[in-house]
Amino acid sequence: MFKILKEDLKLIKRGLNMVSKIEPYLMTLKIIRSVFNAFVPFINIYMSGLILNELAGSRELRRLIFLVSLTIGLNFLSWLIIHGMNKFIEFKNDSFGRKYEMTLSEKILSMDYQDVENSEIHMKRQRIEDMRNMNSGGLWRVVNSFESIVTNFLKILFAIAITYNVFVRFSAVNYKGFLAFINSYAFSVIMILVIIGNVIFSMYLTSAGMKKMLNLGTGFLKLNRFMNYYYSEYAGTYQAGKDIRIYNQKDFLMKENEMNMDGAKPITNLMAKSGIFYGNLGSVSGIFISGIVYVFVGLKALLGIFEVGSIVQYIGSINEFIGSFSGFMSELTQLRTNNIALGAYFEFMDLPNDLRKGTLPVEKRDDNEYEIEFKNVSFKYPGSENYALKNLSMKFKIGQRLAVVGMNGSGKTTMIKLLCRLYDPTEGEITLNGFNIKKYNYSEYMSVFSVVFQDFKLFSFSLGQNVAASVDYDKEKAVGYLDEAGFSDRFAKLDDGLETPLYKDFDEKGVEISGGEAQKIALARALYKNAPFIVLDEPTAALDPIAEFEVYSKFNEIVGGKTAIYISHRLSSCRFCDDIAVFHEGELIQRGSHDALIADESGKYHELWHAQAQYYAENKNSQIMC
């Protein structure tokens, strides 16, 4: 039990440190505010007792005016301070919220690509969001509960200071029977035990209720992920609007939503029943203890142990003590229960970056003398028993143009993913200038490559920022590379030039670009990076073979002395390459020039070439006939 408590406190402390790291001084300000929030209720409790005692006693006007004025002044001063701090803390809370989301986004952006593709990782992220929405779980609960704990703790101290006398003061009269019991320590001790017992019971209700809700809430994980994707990320984008309307996906999405909601109804009903059950028990407990307090103080006053004004002080203070002690223990319980959500947050944030352990710097060479070699490399995707790549051994010669061809699923893109360290090989190794690429600093190694994937993405930022992949950029270079990529005609028609926003997600003046124009911008981005290795992984697959060949040929001219790798399942597009690698079912089965490969009539390249050439010939004849 002590070990569990120690671990809980360690996790809570880590949560507090993280809050302070994300938004410095937020917790300090909240603690200062908690002092005033704890003090304010006792101003009225204590001063009301003094005023009543004065009214029941000498009724001196000057003293009454002084007490009333002091009460009003203290209340006004406290309100002024708290009101001012509320505004400042509200600003800090908003800032914390934004920075908190940024920490999660930054983690996703920096984690290994294999984790980005892992649905289990996204479920972990969704669980953090669900726990926050359900009960402000995670770091948000740490922020809110810690302030409440400090406030309630201070209220407990103030209440004890005022009510101490009610438990230790007794009448000098020698009462008999029941009155003697009221005038004894035993009665005070019993009352203290009843109060503590009630508080423990309330604490149990809070803990049991929260655990029940958290356990039931895990059933919403998949539903919430579905809702977030389809109704926020998909339905909310104008790009999806065409498909939604053409294929009447609205009915499909609404039907899916209804099915998910129907599946969630049993969980919702259980959560509602649990809330009612624990809430009602808590209300009954509160009413019971309040009645006991009134009886206790009333009986003490009946014996004439203290003045009438003290009744107000004692009843008010004891009620504050009960509420504060109950709140203190409940918040502690919630804070400990919140460790489930806090643990989920740190489990996500602590996910290791296995690909980023290298430390060797990548040598900066003006001559681009970089040599990469695959040595008996095999690879299985996580969770798969089948090899996507098997026993691959090959070198990339400096300055060469290598075409990688093969049917879909032959391992071409997998090879590029391994080359760019999006994944590490399952077996074998890849070397750069003789050293295993795992030993290199990850960021420096990635700087060696410019890649345009088939599913490349452009962002709803300005054209210049898309080319440079940066907020600040060299305008002259950006324009030059756009021209080299064949975008100059379209660029001349843009009123705002490089400042033109792409798409309309954030700016109604944003321009819609065609697929071909997007490919040219992506090519310009690859050139702007000025990396020694340039890889085109079927970025022009949507184009016809002739257009694809034209793009590759133009790009081949402008890459200069850099090493270029062209991947395509269409063989005709890569004839200009001196070296062609043929992949099939995850293996490198042929390599050589086009003429050498086409001459091998038993080879896969010959088979693919003639199968595709026949299709192109038939397609050309059909076009002529039309």
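Side-chain atoms are counted along with the backbone in the values below, which use heavy atoms only and exclude waters and symmetry mates. We number each residue from 1, following the sequence as shown.
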Stepwise side-chain contact (heavy atoms from CB on, under 4.5 Å) check, I513 with L463: CA-CA 11 Å; I513 54 176; L463 172 61; over 6 Å; no
Does the pair [X]/[Y] count as a salt bridge with the N-to-O cut at 4.0 Å?
| X | Y | result |
| --- | --- | --- |
| R132 | E101 | yes |
| K107 | D115 | no |
| K504 | E508 | no |

Worked verdict on T103 versus Y345 for side-chain contact (heavy atoms from CB on, under 4.5 Å): CA-CA 11 Å; T103 61; Y345 171 80; 3.6 Å; yes
[X] vs [Y] side-chain heavy atoms within contact, under 4.5 Å:
| X | Y | result |
| --- | --- | --- |
| Q114 | L422 | no |
| I340 | R127 | yes |
| V312 | S48 | yes |
| I121 | F348 | yes |
| M446 | Y440 | no |
| F346 | M18 | yes |
| H83 | L80 | no |
| P382 | N118 | no |

Is there a donor-acceptor contact under 3.5 Å from the side chain of [X] to the main chain of [Y]?
| X | Y | answer |
| --- | --- | --- |
| E331 | I149 | no |
| E147 | I31 | no |
| N144 | W140 | yes |
| N338 | R141 | no |
| N441 | T359 | no |

Test log, rule side-chain contact (heavy atoms from CB on, under 4.5 Å), inputs K417 and E117: CA-CA 12 Å; K417 287 181 178 180; E117 283 197 327; 3.7 Å; yes
Contact list for residues 68-79, test side-chain hydrogen bond (donor to acceptor under 3.5 Å, both in side chains), sequence neighbours left out: N44-N75
Y381 ring center near Y423 ring center (under 6.0 Å): yes
Donor + acceptor pair across side chains of E499, S462 (<3.5 Å): no
N86-R33 side chain donor-acceptor pair, cut-off 3.5 Å: yes
Which pair of heavy atoms, one from [X] and one from [Y], lies closest together, and at what distance?
| X | Y | result |
| --- | --- | --- |
| R525 | N466 | CD-O, 3.1 Å |
| P24 | K92 | O-NZ, 3.2 Å |
| S34 | T151 | CB-OG1, 2.9 Å |
| I45 | S317 | CG2-OG, 3.5 Å |
| L342 | G15 | CD2-CA, 4.2 Å |
| I89 | L29 | CD1-O, 3.6 Å |

Mind checking the [atom1]-[atom2] spacing from [X] to [Y]? Nearest 0.5 Å is all I need.
| X | Y | atom1 | atom2 | answer |
| --- | --- | --- | --- | --- |
| F88 | N93 | CZ | CG | 11.5 Å |
| N17 | R14 | CG | CZ | 9.5 Å |
| S105 | R98 | OG | CZ | 13.5 Å |
| F39 | L154 | CZ | CG | 11.5 Å |
| S447 | E444 | OG | CD | 6.5 Å |
| L418 | D424 | CG | CG | 8.0 Å |

What do you reckon, is [atom1] of [X] surrounded by more than 12 foreign heavy atoms closer than 6.0 Å?
| X | atom1 | answer |
| --- | --- | --- |
| D472 | CG | no |
| Y473 | OH | yes |
| F146 | CZ | no |
| Y100 | OH | yes |
| F153 | CZ | no |

Verdict with reasoning, F321 to K155, per side-chain contact (heavy atoms from CB on, under 4.5 Å): CA-CA 7 Å; F321 174 85; K155 283 184 177 181; over 6 Å; no
Stepwise salt bridge (Lys or Arg N to Asp or Glu O under 4.0 Å) test for K124 and E120: CA-CA 6 Å; K124 291 179 186 293; E120 291 297 320; over 6 Å; no
Set of side chain to side chain donor-acceptor pair (under 3.5 Å) partners for K99, sequence neighbours left out: E23
D112: partners by side chain to side chain donor-acceptor pair (under 3.5 Å), with sequence neighbours left out: none
Pi-cation contact, Y442 with R421 (under 6.0 Å, within 45°): no
K477 NZ/CZ over Y528 ring centroid, <6.0 Å and within 45° of normal: yes
